[in-house]
Amino acid sequence: MNKVRTRFAPSPTGYMHIGNLRTALYAYLFAKSQHGDFILRIEDTDRARYVADAVEFIEKTLASAKIIPDEGPHNGGDFGPYVQSERMKIYKSYAEKLIELGYAYRCFCNNDDDCNDDDKKFGGYNRTCRDLDREELEANIVARKPYVIRQKMPLTGETTFFDVLHGNITIANSELEDQVLLKRDGMPTYNFANVIDDHLMKVTHIIRGTEFITSTPKHVLLYEAFGWEIPTFIHLAPVMGKSADGTVSKLSKRHGATSFNDLVEMGYLPEVITNYVALLGWSPKSNQEIFSMDELIEKFSLEGLSKSPAVFDYNKLDWMSGEYFKAMSDEDFAKVADKFFGELDENLASKKVYLGSLLKTRISKLSDIPAQIKFLQVMPPLDVELFTNKRNKVTAENSVGILTDAIKVLENISDWTVDELHEKINAFVTESGLKMGTIMWALRIALSGQKVTPGGVIEILYLLGKNISIERLNSALIFLSNIPKKI
RNA sequence: GGCGCCAUCGUCAAGCGGUUAAGACACCGCCCUUUCACGGCGGGUUCGCGGGUUCGAGUCCCGCUGGCGUCACCA
């Protein structure tokens, strides 16, 4: 049996859509699970769409997703070059060959309207010039450069191909146009280059999106014309997005971030994105959801692939992301979180690992961090209402006493550590005869101006440090004393 | 519109003729609790519709409906 070889063949747009990334992932996982090769090939035959540095961008993105090609523009391999624009001579020779074989012909008009009367004598577009006397025609056409080479489709009958996911798919040949194989500028079209390269590069399994199902018969006809072995097709259902109005459509900008890189910038770990995306359209048929790349390779199989489109669910991504953070050590988390902390003062900067330990269980992406820690750097404006909490029996009035006493306790603490704070605060609560919740609530509000904080009061005190903590408590006291008493 | 593909909870999905139709996310409720988070427990009319086939259909067949794709010198 032939060694399995799959490929990922993006056009260099400088943008890695999640759907593309998933296609690459599946092609990679399948190849690796079969101990085969995974090839990266750049399909840059559309000069108008060329984006500078896009190849490097694609390679970097794949690398960050841990998808490593065995062959590619910068990975070596025996079947290069792996950039289509560098293979023009190859395509040309195969196109000429096809003409000799009688499966293609030269033509120079885009459509019948493009042709003037003179042109029409030599045939215009699509099936006008295909059956004219070839020698006479070609001499004239070649003289009239630039021309195009079109594939000569059978007018009757049907073409059937096998798809692993969909079984046999049959399309009537009458549906197929005499498509362009070689463009005026000498570049091949996707539908041509693709077939030539997949054959030359010995690709055994073509894994790509469903949008290519309808053009596959054209490819099959090409393989047959050359007498080449037809590879196995696997057409993947698209990744969809859900809009606010509930409608579902192919994932696009209006659904939020859609590229791998957008997601990374938002602070999702690359391994989280691959893990999540792997499960979008593929099921391991077990209850496992968290997978390392090695596990994915081990568990991957074509049977788990889904035929129907999958909606990208940010909720689930968030959950999965949180699971990864929770599983990380405080040190590792602090490392990946580092650039999201922003500018920290000396005190906080020295407590990053500790801060991270509090943060990692309550965020779903790293970009949530700035909002979570802002109050540590800048005290938000106080609001009396915040001091009122029914469940904990706190009011703006009784807060005054609590804060006053707390300040005294805190001022006497010289060893400002979490343990020490814990001990002293506990003692203070016991002594006061009040509920833990009552005291903590008042303190939290005074210290943070928020009902919700990452970590409890003890942790905030520690993070803020002695001076700032006491300062904030005093300010809160002043604030409360200036509130007109309720009647 | 022609052609093609698809159709199980809101979402990802298991299921491959006989199941109380898994599990996860989200949601809701309760518990725990130093707020939030974390954690624990529990909850929900899910097989698009209509015909067949069969003792028996989410599973097979047909039709319908709906969604998506495709009809480029884009990939």
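Naming convention: chains lettered A, B, ... in sequence-line order (proteins, then strands); numbering from 1 in each chain.
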Original post:
So, is A:Lys285 near the phosphate of B:G15, with a side-chain N or O under 4.0 Å from OP1 or OP2?
Top reply: yes
**OP:** Report yes if some heavy atom in the side chain of A:Phe8 is under 4.5 Å from a heavy atom in the side chain of A:Tyr28; otherwise report no.
**Re:** no
**OP:** Please determine, for B:U20, whether a Watson-Crick or G-U wobble partner exists with both distances under 3.5 Å, and give it or none.
**Re:** none
Original post:
Once each nucleotide of nucleotides 17-30 of chain B is scored for protein heavy atoms under 4.0 Å, what B/S/- sequence comes out, 5' to 3'?
Top reply: -----BSBBS----
Original post:
On RNA chain B, nearest-nucleotide positions of A:Gln450 versus A:Asp185: which is more 5'?
Top reply: A:Gln450
Subject >> Those residues that, when tested against A:Lys242, pass side-chain hydrogen bond (donor to acceptor under 3.5 Å, both in side chains) (two or more places apart) >> reply: none
Original post:
Which value, in whole Å, describes the distance between the P atoms of nucleotides B:A22 and B:G10?
Top reply: 15 Å
**OP:** Map A:Val457 and A:Asp44 onto RNA chain B by nearest heavy atom, then report which one ends up closer to the 5' terminus.
**Re:** A:Val457
Subject >> Atom-pair distance (CG on A:Leu358; P on B:U34), nearest Å >> reply: 17 Å
Original post:
Does A:Lys351 make a cation-pi contact with A:Tyr462, if we ask for NZ or CZ under 6.0 Å from the ring centre and within 45° of the axis?
Top reply: yes
**OP:** For A:His17, answer base if it contacts any base atom (sugar-phosphate contacts may also be present), sugar-phosphate if it contacts only those atoms, and nothing otherwise; contact means non-hydrogen atoms under 4.0 Å.
**Re:** nothing
**OP:** Could you tell me whether A:Lys435 contacts a base, only the sugar-phosphate backbone, or nothing, with contacts defined as non-hydrogen atoms closer than 4.0 Å?
**Re:** nothing
Original post:
Quantified in whole Å, what is the C1' atom distance between nucleotide B:A21 and nucleotide B:G44?
Top reply: 14 Å
**OP:** With sequence neighbours excluded, tell me which residues meet ring pair (Phe, Tyr, Trp, His ring centres under 6.0 Å) with A:Phe260.
**Re:** none
Original post:
Nearest-Å distance, CD (A:Glu423) to P (B:U34)?
Top reply: 18 Å
**OP:** Tell me which nucleotide among B:C71, B:A7, B:C73 gets nearest to the side chain of A:Lys307.
**Re:** B:A7
**OP:** Return the set of residues passing ring pair (Phe, Tyr, Trp, His ring centres under 6.0 Å) with A:Tyr82 (not counting sequence neighbours), or none when no residue passes.
**Re:** none
Subject >> side-chain contact (heavy atoms from CB on, under 4.5 Å) partner of A:Thr274, chosen from A:Leu29, A:Leu269, A:Leu279, A:Leu25 >> reply: A:Leu25
Original post:
What interatomic distance, in whole Å, is found between P of B:A72 and the corresponding atom of B:U65?
Top reply: 26 Å
Original post:
In whole angstrom, what separates A:Leu434's CG from B:U34's C1'?
Top reply: 14 Å
**OP:** Give every residue pair that meets the ring-ring contact (aromatic ring centres under 6.0 Å, His included) criterion with at least one member in residues 417-445 of chain A, sequence neighbours excluded.
**Re:** none
Original post:
Distance between the C1' atoms of B:C74 and B:G69, in whole angstroms?
Top reply: 15 Å
**OP:** Please state how far atom CD1 in A:Ile149 lies from atom P in B:A72, giving the value in whole angstrom units.
**Re:** 20 Å
Subject >> A:Gln179, A:Gln151, A:Lys218 screened by side-chain hydrogen bond (donor to acceptor under 3.5 Å, both in side chains) with A:Asn191, the one that passes >> reply: A:Gln179
**OP:** Determine the Euclidean distance between corresponding P atoms of B:C25 and B:A13; express it in Å to zero decimal places.
**Re:** 16 Å
Subject >> Derivation and outcome, side chain to side chain contact (heavy atoms under 4.5 Å, CB included), residues A:Phe340 and A:Asp368 >> reply: CA-CA 8 Å; A:Phe340 289 86; A:Asp368 291 341; over 6 Å; no
Considering only nitrogen or oxygen atoms on both sides, find all protein atoms under 3.5 Å from nucleotides 36-38 of chain B and state each distance.
from: B:C36; atom 1: O2; to: A:Arg362; atom 2: NH1; distance (Å): 2.9
from: B:C36; atom 1: O2; to: A:Thr453; atom 2: O; distance (Å): 3.2
from: B:C36; atom 1: N3; to: A:Arg362; atom 2: NH1; distance (Å): 3.0
from: B:A37; atom 1: O2'; to: A:Thr361; atom 2: O; distance (Å): 2.9

**OP:** Rounded to whole angstrom, note down the C1' distance from B:G43 over to B:C68.
**Re:** 34 Å
**OP:** Check the pair A:Arg106 / A:Ile149 against side chain to side chain contact (heavy atoms under 4.5 Å, CB included), numbers first and verdict last.
**Re:** CA-CA 4 Å; A:Arg106 294 188 173 82; A:Ile149 296 179; 4.2 Å; yes
**OP:** Send over the distance from A:Leu279 CG to B:A14 C1', rounded to a whole Å.
**Re:** 12 Å
Subject >> N/O (side chain, A:Thr45) to phosphate O (OP1/OP2, B:A75) under 4.0 Å >> reply: yes
Subject >> Presence of salt bridge, A:Arg41 and A:Asp198, under 4.0 angstrom >> reply: yes
Subject >> Pairwise C1' distance, B:U54 and B:C12 [rounded to whole Å] >> reply: 33 Å
Original post:
So which of A:Arg208, A:Gln84, A:His219 actually passes side-chain hydrogen bond (donor to acceptor under 3.5 Å, both in side chains) with A:Asn194?
Top reply: A:Arg208
Subject >> Centroid-centroid under 6.0 Å between A:Phe38 and A:Phe30 rings >> reply: no
Subject >> Rounded distance in Å - OH (A:Tyr15) to C1' (B:C74) >> reply: 17 Å
Original post:
At under 4.0 Å between heavy atoms, what does A:Thr170 touch on the DNA or RNA strands: base, sugar-phosphate, or nothing?
Top reply: sugar-phosphate
Original post:
Taking only residues two or more places apart in sequence or in another chain, which ones pass side-chain hydrogen bond (donor to acceptor under 3.5 Å, both in side chains) with A:Asp330?
Top reply: A:Lys360
Check the interface with nucleotides 68-70 of chain B: list each N/O to N/O pair with the protein under 3.5 Å, or write none.
from: B:U70; atom 1: O4'; to: A:Thr214; atom 2: OG1; distance (Å): 3.3

Subject >> Whole-Å gap separating P (B:U35) and CE (A:Met436) >> reply: 10 Å
Original post:
Out of B:C71, B:C73, B:C5, which nucleotide sits closest to the side chain of A:His166?
Top reply: B:C5
Original post:
Is A:Val311 touching bases, backbone alone, or none of the nucleic acid, heavy atoms closer than 4.0 Å?
Top reply: sugar-phosphate
Original post:
What is the distance, rounded to the nearest whole Å, between atom CD of A:Glu175 and atom C1' of B:G4?
Top reply: 9 Å
Original post:
Between B:G10, B:A7, B:C12, which nucleotide has the shortest distance from any of its atoms to the side chain of A:Ala310?
Top reply: B:C12
Subject >> side-chain contact (heavy atoms from CB on, under 4.5 Å) partners for A:Ser292, two or more places apart >> reply: A:Asp294, A:Glu295
Original post:
In whole Å, what separates the C1' atom of B:U34 from that of B:G15?
Top reply: 46 Å
Original post:
A:Ser283 has a side chain; which of B:C71, B:G4, B:A13 sits nearest to it?
Top reply: B:A13
**OP:** Please name all residues satisfying side-chain hydrogen bond (donor to acceptor under 3.5 Å, both in side chains) with A:Thr258, sequence neighbours left out, ordered by chain then number.
**Re:** A:Tyr15
**OP:** Would you please name every residue forming a salt bridge (charged side-chain N to carboxylate O under 4.0 Å, His left out) with A:Glu289, sequence neighbours left out?
**Re:** A:Lys316
**OP:** Check each residue of residues 439-447 of chain A for a non-hydrogen atom within less than 4.0 Å of any atom in RNA chain B, then write out the ones that pass by number, or none.
**Re:** A:Met440, A:Trp441, A:Arg444
